[in-house]
Amino acid sequence: MSCLFCSIVSGEIPSTKVYEDEWVYAFKDIDPQAPVHIVLIPKEHCANFMELKDMKILSYLGEAVQKICVQEGIDKNGFRVVTNCGEQGGQTVDHLHFHILGGRNLMWPPG
Ligand code: 5GP
Ligand code: ZN
């Protein structure tokens, strides 16, 4: 089964890496919706939030969010972390990912 984000983790498809550790990989979104727009994924394939079985992965993602926000300079002014799940959630790539958005005032509620 081919998966776009698995291909990004393997390097088969190029990406602009922002952060990597044993468990997670983060890269710049190809279609940024804010001055900072990073996609953070677990290296191991998981289709979406509801498919996540090993909740340790959530803590690895959480630690990475903190590090990335400091690294990208959006920790002080604020940012948004969001995961789209399924059709009505607006998910377009079926590999669990968190969007990290910042660098401007973000609207709420989202559309
Ligand atoms: P979703 O819509 O599933 O929540 O988020 C998928 C995100 O992946 C979108 O924001 C989209 O712009 C981004 N994306 C899709 N294909 C690529 C790609 O090939 N490279 C990068 N860097 N981002 C991608
Ligand atoms: Zn995948």
Side-chain angles (χ1 to χ4, degrees):
M1 182 201 71
S2 75
C3 166
L4 176 65
F5 287 174
C6 283
S7 300
I8 283 180
V9 171
S10 72
E12 194 184 322
I13 291 176
S15 65
T16 305
K17 182 167 87 172
V18 169
Y19 176 83
E20 181 175 16
D21 63 27
E22 187 183 348
W23 301 98
V24 309
Y25 185 83
F27 54 97
K28 290 191 178 173
D29 196 292
I30 204 167
D31 181 23
Q33 303 301 311
V36 177
H37 186 173
I38 290 156
V39 179
L40 170 65
I41 65 178
K43 285 184 170 176
E44 191 171 319
H45 181 83
C46 167
N48 63 44
F49 198 86
M50 290 308 294
E51 293 299 319
L52 188 60
K53 306 287 181 237
D54 179 3
M55 289 299 168
K56 278 201 309 295
I57 299 293
L58 262 191
S59 66
Y60 302 142
L61 290 165
E63 272 180 43
V65 167
Q66 291 183 341
K67 287 180 185 166
I68 291 164
C69 287
V70 170
Q71 180 187 301
E72 300 301 311
I74 56 172
D75 57 312
K76 299 282 193 300
N77 286 337
F79 57 89
R80 181 169 297 157
V81 179
V82 65
T83 186
N84 298 327
C85 184
E87 201 178 324
Q88 290 199 338
Q91 184 175 10
T92 60
V93 179
D94 289 333
H95 180 131
L96 173 65
H97 52 283
F98 285 176
H99 296 262
I100 303 172
L101 298 140
R104 67 168 171 82
N105 286 319
L106 300 164
M107 301 303 120
W108 191 263

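Remember, it's 1-based here, ligands and their atoms both numbered in the order they're listed. Quick note: residue numbers are just sequence positions, from 1.
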### Non-hydrogen atoms of His37 and Asp31 that approach each other most closely
ND1-O, 4.0 Å

### Summary
At the Zn ion (ligand 2), SG of Cys6 and SG of Cys3 open up to roughly (10° bins) 120°

### Message
Given a heavy-atom cut-off of 4.0 Å, could you list the residues near ligand 1 in chain and number order?
### Response
Leu4, Phe5, Ile8, Phe27, Lys28, Asp29, Ile30, Asp31, Asn84, Gly90, Gln91, Thr92, Val93, His97, His99

### Message
Suppose we only allow N, O or S atoms; which atom of His45 ends up nearest to the Zn ion (ligand 2)?
### Response
ND1

### Query
Got a donor-acceptor contact below 3.5 angstrom from the Gln71 side chain to the Val18 backbone?
yes

### Query
Considering only N, O or S atoms, which atom of His95 is nearest to the Zn ion (ligand 2)?
ND1

## Note on the structure
Smallest heavy-atom separation, Pro35 atom then Arg104 atom, equals CD-CG, 3.8 Å

#### Entry: Parallel, tilted or perpendicular: ring planes of Phe98 versus Phe49, cut at 30 and 60 degrees
parallel

### Message
Could you report the tightest heavy-atom contact between Leu106 and Leu101, atom names first, then the distance?
### Response
CD1-O, 3.7 Å

### Message
Using a 3.5 Å distance criterion without hydrogens, assess whether the side chain of Thr83 forms a donor-acceptor pair with backbone atoms of His97.
### Response
yes

#### Entry: Test item: Phe79 and Val36 side chains (from C-beta on) under 4.5 Å apart, heavy atoms
no

